[in-house]
Number of protein chains: 2
Amino acid sequence: MEELDQRIVQLLLQDGRMSYTDLGKATGLSTSAVHQRVRRLEQRGVIRGYTAIVDPEAVDLALTAFISVKPFDPSAPDDTPERLVGLAEIEACHSVAGDENYILKVRVPGPGDLEDLLARIRSAAGVSTRTTVVLSTPYEARPPKL
Amino acid sequence: MEELDQRIVQLLLQDGRMSYTDLGKATGLSTSAVHQRVRRLEQRGVIRGYTAIVDPEAVDLALTAFISVKPFDPSAPDDTPERLVGLAEIEACHSVAGDENYILKVRVPGPGDLEDLLARIRSAAGVSTRTTVVLSTPYEARPPKL
DNA sequence: GATGCGCTGGTCGAGTTCCTCCACAAGGCG
DNA sequence: CGCCTTGTGGAGGAACTCGACCAGCGCATC
């Protein structure tokens with residue numbers, strides 16, 4: 001990816017609502033040119049979308065946890081992600097190397113909901129779980145430096 | 001938080017670039033009223049910012065990993081997050097319950113960079129590390145359901 | 001080595017839409 | 001009643017978006 005696109009992406013990572021006009025000023029391009037490039041980045045899949053960064057506690061999702069997941073039957077075909085995709089509390093699902101197969105990042109209002117969620121995960125995917133509760137998060141969702 | 005704010009936040013989680021006019025149509029409020037509410041949400045810290053969601057591979061950050069971190073000296077005052085905040089490869093830092101003290105989420109171009117980063121983490125924070133490499137991520141950064 | 005063609009990626013301008021601020025109204029509440 | 005909060009509506013200015021046009025470049029053709 002070339003220099004200009006990279007700078008545009010960098011700027012949009014830092015402020016996803018920046019206007020095309022400002023992006024143009026920051027990159028030395030005209031508004032239309034920037035707009036065109038952003039559209040291309042979007043349809044190439046480099047930019048997958050935009051979102052607000054929200055304080056989880058303010059929306060009643062005070063409890064974050066990582067759940068490591070391992071199928072009961074390692075020989076069965078592994079469709080864990082599809083089985084879990086319907087659980088909205090799961091923010092992310094990573095397939096990982098190591099003892100367990102997947103790491104899930106989940107957010108729930110409180111401990112009771114976590115207990116409930118764990119039961120639903122186990123029954124939906126046929127897996128055993130190991131949960132690591134997040135006590136606090138010093139930082140999160142930092143934009144990467146390109 | 002009341003119903004209307006919640007719906008606005010929900011919409012902005014799904015599309016961080018939605019215009020105030022559209023937010024108004026979706027919530028039945030006038031453009032000005034929505035704008036006012038969003039501003040309040042921002043300055044109350046409910047909305048911390050906006051960002052583009054970018055395909056990591058497209059920006060040469062193909063390797064994601066979780067690094068669990070534990071100080072060499074458990075009795076020393078723990079300022080690990082501050083010591084690591086300067087390392088741009090670290091996307092998130094969570095203090096967790098369990099055997100280790102923190103879980104870091106990091107992104108680097110490749111294995112060599114991970115090795116290098118681990119060395120920098122250890123020397124900067126005086127910690128031992130255990131890293132879990134992400135093989136693939138079925139989904140990530142899903143907007144929570146409010 | 002020129003000529004000419006198509007492609008890519010840029011500027012410019014104009015019409016439309018959106019943002020943003022302000023004045024004012026409607027509803028709690030002491 | 002007065003005050004605070006939260007809405008509405010409108011107007012001026014800024015931003016978006018589209019089309020027309022242009023410059024550079026690769027390349028087949030003469």
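Order of the sequence lines sets the chain letters (A, B, ...), proteins ahead of strands, with each chain counted from 1.
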Would you kindly give the [atom1]-to-[atom2] distance between [X] and [N], to the nearest whole Å?
X: A:R37; N: C:dG9; atom1: CZ; atom2: C1'; result: 7 Å
X: B:L29; N: D:dG9; atom1: CG; atom2: P; result: 12 Å
X: B:R44; N: D:dT5; atom1: CZ; atom2: C1'; result: 13 Å
X: A:Y20; N: C:dT17; atom1: OH; atom2: P; result: 17 Å
X: A:M18; N: D:dC16; atom1: CE; atom2: C1'; result: 16 Å
X: A:E2; N: C:dT8; atom1: CD; atom2: P; result: 14 Å

Report yes if a side-chain nitrogen or oxygen of [X] is closer than 4.0 Å to either non-bridging phosphate oxygen (OP1 or OP2) of [N]; otherwise report no.
X: B:H35; N: C:dT20; result: yes
X: A:Q36; N: C:dG10; result: yes
X: A:R39; N: C:dG9; result: no
X: A:T21; N: D:dC16; result: yes
X: A:R40; N: C:dT8; result: no

#### Entry: Out of D:dT8, C:dG10, C:dC19, whichever nucleotide has its closest atom nearest the side chain of A:L4
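It is C:dG10.
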Salt bridge present between [X] and [Y] (N-O < 4.0 angstrom):
X: A:K105; Y: A:E140; answer: yes
X: A:E89; Y: A:R120; answer: yes
X: B:E100; Y: B:R130; answer: yes

### Task
Please say whether the positively charged group of A:R17, taken as NZ for Lys or CZ for Arg, lies over the ring of B:Y20, i.e. under 6.0 angstrom from the six-membered ring centre and within 45 degrees of the axis.
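Cation-pi check for A:R17 and B:Y20: passes.
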### Query
Between the base of C:dC19 and the side chain of B:S32, is there any donor-acceptor pair under 3.5 Å?
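When only heavy-atom distances are counted, B:S32 does not reach the base of C:dC19 through any donor-acceptor pair under 3.5 Å.
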### Task
Please work out if A:S30 contacts a base, only the sugar-phosphate, or nothing of the nucleic acid, heavy-atom cut-off 4.0 Å.
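It contacts base atoms.
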### Query
Touch check for A:S19, heavy atoms < 4.0 angstrom, all strands: base, sugar-phosphate only, or nothing?
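Sugar-phosphate only.
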### Message
Looking only at the side chains, is there a donor atom on one of A:Y50 and A:E42 sitting less than 3.5 Å from an acceptor on the other?
### Response
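Note: A:Y50 and A:E42 side chains meet the donor-acceptor criterion.
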### Earlier contact from the 5' end, DNA chain C, for B:K25 and A:V34
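Closest to the 5' end, via its nearest nucleotide, is A:V34.
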